[in-house]
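Written below as structure tokens is the structure these notes are about.
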Amino acid sequence: MADAKLIDGKAFAMGLRERVAAGVADLVGKGGPKPGLATVLVGADPASQVYVRSKGKLAVELGMASFDRKLPAETTEQELLAVIAELNADPAINGILVQLPLPKHIDTAKVLLAIDPAKDVDGFHPINVGRLGSIAPGAVLDFPVPCTPLGVTMLLQDALGSLAGCNAVVVGRSNLVGRPVAQLLLRLDCTVTITHSRTRDLPALCRQADILVVAIGKTEFVRGDWIKPGAAVIDVGINRIPTTEGKSRLVGDVAFAEAQKVAGHLTPVPGGVGPMTVACLMYNTLQAARRVAGLPYVAV
Ligand code: NDP
């Protein structure tokens, strides 16, 4: 059997960025609002600073406005909620992204609940979680959807076309990845099984999957002989492991070399799902701005 076809998430994400930039130019050209993304960072965690900076920079590259709010680590919950209220009320801002994790003295759920659901470009607000949980099969996604799961389904649709009737097994049930991926696959008419750390005989369930999405955070946990020949395998995991040269490298949750010999399609790590997350954030911000302008959802 030929090796799996690699799904090039980096290339797809670059194309998506270009389409979002074209969508922004089109919206502004028609007199619509310039989409605005606000990022909120509490504290000075170096990794979070890098993420926030790169998101703001990309927004500007795509023709959007970026508003960065950097708050000291000792910011109180009340002060942060006041900033969120200010951003909610600002018509120049269509998307609000609060960089997680927040310092321990702040209740993350309370902060996410305070974001206007229409500006919740991470798709974490309970209103948007509920919308996704109750969406009709095939219905338009006219509300913000979590970015990584959206990226996963975009890659699958690009690789396979229609997903209707496929057996999809999702490994991991987090609110960030596993659950929303499952909801999106159900919307696309897959038959979905959600698995987790208490699942019995996980390899046997995985072997039934036409589509296998793995998001557990465990280095090369899913082995080649768990994969149905020809299946599409999406590896969401990002694990940093040491190399023999004293450096480190990123690997996924799927044993890549083994999977490559069995799967039909496979995402690499890095360069698979990773680049889709930030591209989908930009996509969500554009869609939020279009909704404010009373324009319908467009697939870009
Ligand atoms: P969480 O730790 O929140 O959830 C992990 C899930 O995996 C849980 O549901 C857990 O089950 C399940 N799990 C853990 N061990 C096993 C096991 N042995 N067998 C079956 N299921 C198991 O992680 P996230 O969902 O936030 O992230 C998962 C991975 O995806 C991480 O590597 C993360 O870095 C990566 N990620 C990548 C992104 C990207 O942009 N590419 C974005 C977000 C995450 P249980 O519920 O029973 O504990």
Side-chain angles (χ1 to χ4, degrees), residues 6-14 16-17 39 45 47-48 50-52 54-55 58 97-102 108-109 112 121-124 129 132 144-156 158 168-185 192-209 212-223 225-227 232-241 248-256 259 266-284:
L6 288 189
I7 295 178
D8 188 345
K10 203 170 165 188
F12 189 91
M14 287 309 289
L16 179 60
R17 287 179 188 201
T39 57
D45 174 63
S48 293
V50 171
Y51 294 144
V52 163
S54 67
K55 287 167 188 168
L58 180 59
L97 179 138
V98 176
Q99 185 65 40
L100 301 179
L102 288 169
T108 302
L112 297 181
V121 280
D122 264 335
F124 294 157
V129 173
L132 183 58
V145 173
C147 300
T148 304
L150 182 60
V152 166
T153 49
M154 282 184 182
L155 291 179
L156 280 167
D158 184 58
V169 173
V170 180
V171 189
R173 58 174 161 182
S174 73
N175 291 333
L176 185 64
V177 189
R179 283 172 200 241
V181 162
Q183 299 287 7
L184 287 168
L185 291 171
V192 184
T193 305
I194 306 175
T195 67
H196 46 79
S197 66
R198 307 293 297 271
T199 296
R200 289 191 193 140
D201 203 354
L202 183 60
L205 279 173
C206 290
R207 270 181 222 116
Q208 293 175 19
L212 182 62
V213 180
V214 189
I216 57 177
K218 290 203 152 61
T219 300
E220 301 194 329
F221 187 79
V222 170
R223 311 309 306 189
D225 63 0
W226 298 23
I227 296 169
V233 179
I234 306 289
D235 188 352
V236 185
I238 302 176
N239 309 289
R240 188 168 285 284
I241 59 162
S248 69
R249 68 185 179 96
L250 296 181
V251 293
D253 289 343
V254 177
F256 182 81
L266 176 65
T267 54
V269 176
V273 175
M276 290 301 291
T277 301
V278 68
C280 286
L281 176 70
M282 301 300 139
Y283 174 86
N284 275 347

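Quantities reported herein were computed from a predicted structural model and do not represent experimental measurements. Every number for a ligand or one of its atoms is a count from 1 in the order of the listing.
Nearest non-hydrogen protein atom to atom 42 (C) of ligand 1 is Thr148 OG1, 3.3 Å. In terms of protein heavy atoms, atom 29 (C) of ligand 1 is closest to Gly217 N, 3.6 Å. For atom 9 (O) of ligand 1, the closest non-hydrogen atom of the protein is Arg173 N, 2.8 Å. Considering only non-hydrogen protein atoms, atom 30 (O) of ligand 1 sits nearest to Val236 O, 3.5 Å. Nearest to atom 18 (N) of ligand 1 among the protein's heavy atoms is Phe221 CZ, 3.1 Å.
Close approach of ligand 1 to Val177 (heavy-atom distance below 4.0 Å) involves ligand atoms 25 (O), 43 (C), 44 (C). Taking every non-hydrogen atom of Thr277 and a distance limit under 4.0 Å, the qualifying atoms of ligand 1 come out as 39 (C), 40 (O). Within ligand 1, counting atoms from 1 as listed, the ones closer than 4.0 Å to a heavy atom of Val273 are 41 (N).
Rounded to the nearest 0.5 Å, atoms OG1 (Thr153) and CG (Asp158) are 11.5 Å apart.
Counting all heavy atoms, side chain and backbone alike, Pro180 lies closest to Pro146 at CB-CG, 4.0 Å. Counting all heavy atoms, side chain and backbone alike, Ala279 lies closest to Leu16 at CB-CD2, 3.8 Å. Residue Val236 comes nearest to Ala215 through the heavy atom pair CB-CB, 3.8 Å, listed as atom of the first residue, atom of the second, then distance. Minimum heavy-atom separation, Asn284 to Val121: ND2-O, 2.9 Å.
Listed for the Asp235 side chain is a donor-acceptor partner under 3.5 Å among the backbone atoms of Val254. In this structure, the side chain of Asp253 engages the main chain of Gly217 through a donor-acceptor pair within 3.5 Å. Of the possible polar contacts, none joining the Asp122 side chain to the Phe124 backbone as a donor-acceptor pair under 3.5 Å is found. Arg173 contributes no side-chain N or O that, together with a main-chain N or O of Thr195, makes up a donor-acceptor pair within less than 3.5 Å.
Heavy atoms of Leu176 found under 4.0 angstrom from ligand 1 belong exclusively to the side chain. The proximity of Lys218 to ligand 1, defined as any non-hydrogen pair under 4.0 Å, is limited to the side chain. Within the 4.0 Å heavy-atom criterion, both parts of Ile216, backbone and side chain, lie near ligand 1.
Ligand 1 lies within reach of Gly274, whose nearest heavy atom is under 4.0 Å from it.
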Could you walk me through whether Cys280 and Met154 pass the side chain to side chain contact (heavy atoms under 4.5 Å, CB included) check?
CA-CA 9 Å; Cys280 286; Met154 282 184 182; 4.0 Å; yes
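Considering each of Gly252, Cys206, Ser174, Ser197, the one bringing a non-hydrogen atom nearest atom 24 (P) of ligand 1 is Ser174. By heavy-atom distance, the residue among Ile238, Val214, Val278 lying nearest atom 34 (O) of ligand 1 is Ile238.
Not a single N or O atom of Arg198, backbone or side chain, sits closer than 3.5 Å to an N or O atom of ligand 1.
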